[in-house]
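Chain naming here is simple, since letters A, B, ... match the order of the sequence lines and numbering starts at 1 in each.
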Amino acid sequence: MLDHEYTTKDVFRKNFFKNWRKEMTHEERTVITSLSKCNFNEINEYFKTKTEERKNMSKEEKLKIKHENESVVKAYGFCLMDGHREKIGNFKIEPPGLFRGRGDHPKQGMLKRRVQPEDVIINCSKGGNIPQPPAGHRWKEIRHDNKVTWLCSWTENIQGQVKYIMLNGEKDWQKYEMARNLKGVVDKIRSQYREDWKSKEMRIRQRAVALYFIDKLALRAGNEKEEGETADTVGCCSLRVEHIKLHPELDGQEFMVEFDFLGKDSIRYYNKVSVEKRVFKNLQLFMENKQPGDDLFDRLNTAILNKHLQELMDGLTAKVFRTYNASVTLQQQLKELTNPEDNMAAKILSYNRANRAVAILCNHQRAAPKTFEKSMANLQTKIDSKREQVLLTRREVKSAKADYKVRRDEKSRKAVETKRKALERTEEQLMKLEVQATDKEENKQIALGTSKLNYLDPRISVAWCKKWGVPVEKVYNKTQRDKFAWAIDMAEADYEF
DNA sequence: GATATGACTTAGAAGCTCCCAT
DNA sequence: ATGGGAGCTTCTAAGTCATATC
């Protein structure tokens, strides 16, 4: 990890050294007393050499390793569930290493210890083929619990959390049906929470304002977290006074709320939104006589909120609003952005833009790729030379035409035709490159994958593809097509979320 | 009602592969 | 043939939410 930014962080170094010292012999402990005096070059070089060696292996050797890996997947990557052979999502036990928590995690750098068979619980059918532990070892427990989906579990030593080996979910359909159910009652729920802004009871007002944020801004529920055990991040219910600023007027708009907080994975949420006057007044009320570190919604938590939602609709929870709003946004954006006249590349750009609108709503961000500027510049060079080429070809068409005017023969007529075709082709190529550049630029810090995989009802995308004659492969890769096979089967061009 | 635990979903980063330009 | 990078896969952390326990 020497090349990683983690190793420059005090907390990381402190935790690592503390844990490392616990592993040392008495003698080592007396000699090795300061991390900053340690020189890891030798072992670092050793691993670099190993990597280099791997890279320089012959084609045959690489192929051999590939086959070996494949046979491991074949042997361990599948299970028999209710008589079906199913692919296991993660079939390898997590190896030991240094804990890489996100953001300012107080436990970053701690030693994540090796998991032994003695730590592992196996969950399988009674009387089935019980997997054998490695020689000389035994499992912690063999269990036959058919109420859960996991095959194997162990408790990790950093946070004491249970880790699982399980399949890749696939309860997607239910999730999207739940979100569609919300569509039927959302108007009622909205007018209800607007009424509740006026409630005599503070807890009801807080619940109503929080729900408004969850609905309007697609915020996460925001469970309480144990202080000091994890990075300091929040969601809606756990917002603190310090996370919002109220502006009666800002940028020419009234009743502005400025959000600034770290959400899941310590991704910053920054947004300025104009809210209804009643919401604004309520927020002022909630913040009265409070310190920056106090809870904004002191009479509310996720349990209370979800209990309320449950009463409004069977199975409704806070996260359903995210799914609902994401899918509705995609559908509406696709409708708005797709131009029937557009060619394929432009249609796909529109799709990506609709996808992007959702990613922005859900605040799905990524670090700008390290090579972004360079690859952008490369693309620009390509565009410039393609433009040159278009101009050149255009001149060639002109002169071919002139030539034909003089000669009036079959050969020169054909030459005009050929040049014209060539021009068409290069213009198309140029257009494609320009679209690619636009897409890339707009996507610099936005991650589309998360919403595509977890929030967007795939039937909307499939229907859009069918409606505009776009091959599904342009929108979903192989894995995604497998995951969404049910939707590809089911959705027709007229599907409405 | 508060708190802990467990199971499952969602998340961005890291790693890997394969394809294209040179 | 090669090297770089886009796109895909893997990895595992970090959420949500239901249920058990105090």
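- One finds a side-chain N or O of A:T479 lying less than 4.0 angstrom from the OP1 or OP2 phosphate oxygen of C:dT9.
- Of the two residues contacting DNA chain C, namely A:G103 and A:T302, the nearest-nucleotide position lying further toward the 5' end is that of A:G103.
- In this structure, A:Q159 atom CD and C:dG15 atom P are separated by 10 Å, rounded to whole Å.
- A salt bridge links A:R180 with A:E177: at least one charged nitrogen is closer than 4.0 Å to a carboxylate oxygen.
- One finds a side-chain N or O of A:T149 lying less than 4.0 angstrom from the OP1 or OP2 phosphate oxygen of B:dC8.
- At a threshold of 4.0 Å, the pair A:K107-A:E229 counts as salt-bridged, since one of the basic side-chain nitrogens sits closer than that to a carboxylate oxygen.
- Look at A:K66 and you won't find any side-chain N or O under 4.0 angstrom from OP1 or OP2 of B:dT17.
- If you check every strand for non-hydrogen atoms under 4.0 Å, A:A231 touches nothing.
- Candidate nucleotides B:dA7, C:dT12, B:dT10 were compared by shortest atom distance to the side chain of A:P95, and C:dT12 ranks first.
- Under a 4.0 Å N-O distance rule, the pair A:D119/A:R113 qualifies as a salt bridge.
- The shortest distance between the side-chain N/O atoms of A:R102 and the OP1/OP2 oxygens of B:dA14 is not below 4.0 Å.
- Between A:H4 and B:dA13, a side-chain N or O to OP1/OP2 separation shorter than 4.0 Å is absent.
- Between A:T233 and the phosphate of C:dG15, there is a side-chain N or O to OP1/OP2 separation shorter than 4.0 Å.
- Each of A:Q480 and A:K163 has a nearest nucleotide on DNA chain C; the 5'-most of these lies closest to A:Q480.
- Electrostatic pairing of A:D172 and A:K175 counts as a salt bridge here, judged by a charged N lying under 4.0 Å from a carboxylate O.
- Using a 4.0 Å heavy-atom criterion, one finds that A:G222 contacts the sugar-phosphate atoms exclusively.
- Across all strands, A:K112 comes closer than 4.0 Å only to sugar-phosphate atoms, never to a base (heavy-atom distances).
- In this structure, A:E226 and A:Q365 both approach DNA chain B, and ranking their closest nucleotides by distance from the 5' end singles out A:E226.
- Of the side-chain N and O atoms in A:T450, none sit less than 4.0 angstrom from OP1 or OP2 of B:dT10.
- Take the nearest nucleotide of DNA chain B for A:N363 and for A:N69: the residue whose nucleotide is more 5' is A:N363.
- Remark: A:K92 is in phosphate contact with C:dC11, judged by side-chain N or O atoms under 4.0 Å from OP1 or OP2.
- In this structure, A:H364 places its NE2 atom 15 Å from C1' of B:dA13, rounding to the nearest Å.
- The separation between A:E94 atom CD and C:dT12 atom P is 5 Å, rounded to whole Å.
- Atom CG in A:D172 sits roughly 10 Å away from atom C1' in B:dT9 (whole-Å rounding).
- Residue contacts shown for A:E156 are absent, as no nucleic acid heavy atom lies under 4.0 Å away.
- Under a 4.0 Å N-O distance rule, the pair A:R190/A:D215 qualifies as a salt bridge.
- Remark: C1' of C:dA14 and CG of A:N223 are 11 Å apart, rounded to the nearest angstrom.
- We find that CG of A:L448 is positioned 17 Å from P of B:dT10, with the value rounded to whole Å.
- Counting only distance, with no hydrogens or angles, the side chain of A:K9 and the backbone of A:E5 share no donor-acceptor pair below 3.5 Å.
- Side chain of A:V162, nearest nucleotide from C:dC17, B:dA7, C:dA13: B:dA7.
- Within 4.0 Å (heavy atoms only), A:A303 reaches no atom of the nucleic acid at all.
- Nucleic acid contact class of A:K175 (heavy atoms, under 4.0 Å, all strands): sugar-phosphate only.
- Relative orientation of the A:F259 and A:Y269 rings is perpendicular, given thresholds of 30° and 60° on the angle between their planes.
- Contact annotation: side chain of A:K264 to base of B:dT10, donor-acceptor pair present below 3.5 Å.
- If you check every strand for non-hydrogen atoms under 4.0 Å, A:I267 touches sugar and phosphate atoms only.
- The A:K319 side chain lies nearest to C:dT16 when the options are B:dA14, C:dT16, C:dA14.
- A sub-4.0 Å separation between OP1 or OP2 of C:dC17 and a side-chain N or O of A:N306 is present.
- Distance, A:D265 CG to B:dT9 P: 17 Å, rounded to whole Å.
- The CD-P distance, from A:Q445 to B:dA11, rounds to 18 Å in whole Å.
- Under 4.0 angstrom from either OP1 or OP2 of B:dT9 there lies no side-chain N or O belonging to A:Y455.
- Put simply, A:R220 has a side-chain N or O that comes within less than 4.0 Å of OP1 or OP2 on B:dA11.
- In this structure, A:F12 has its ring center no closer than 6.0 Å to that of A:H105.
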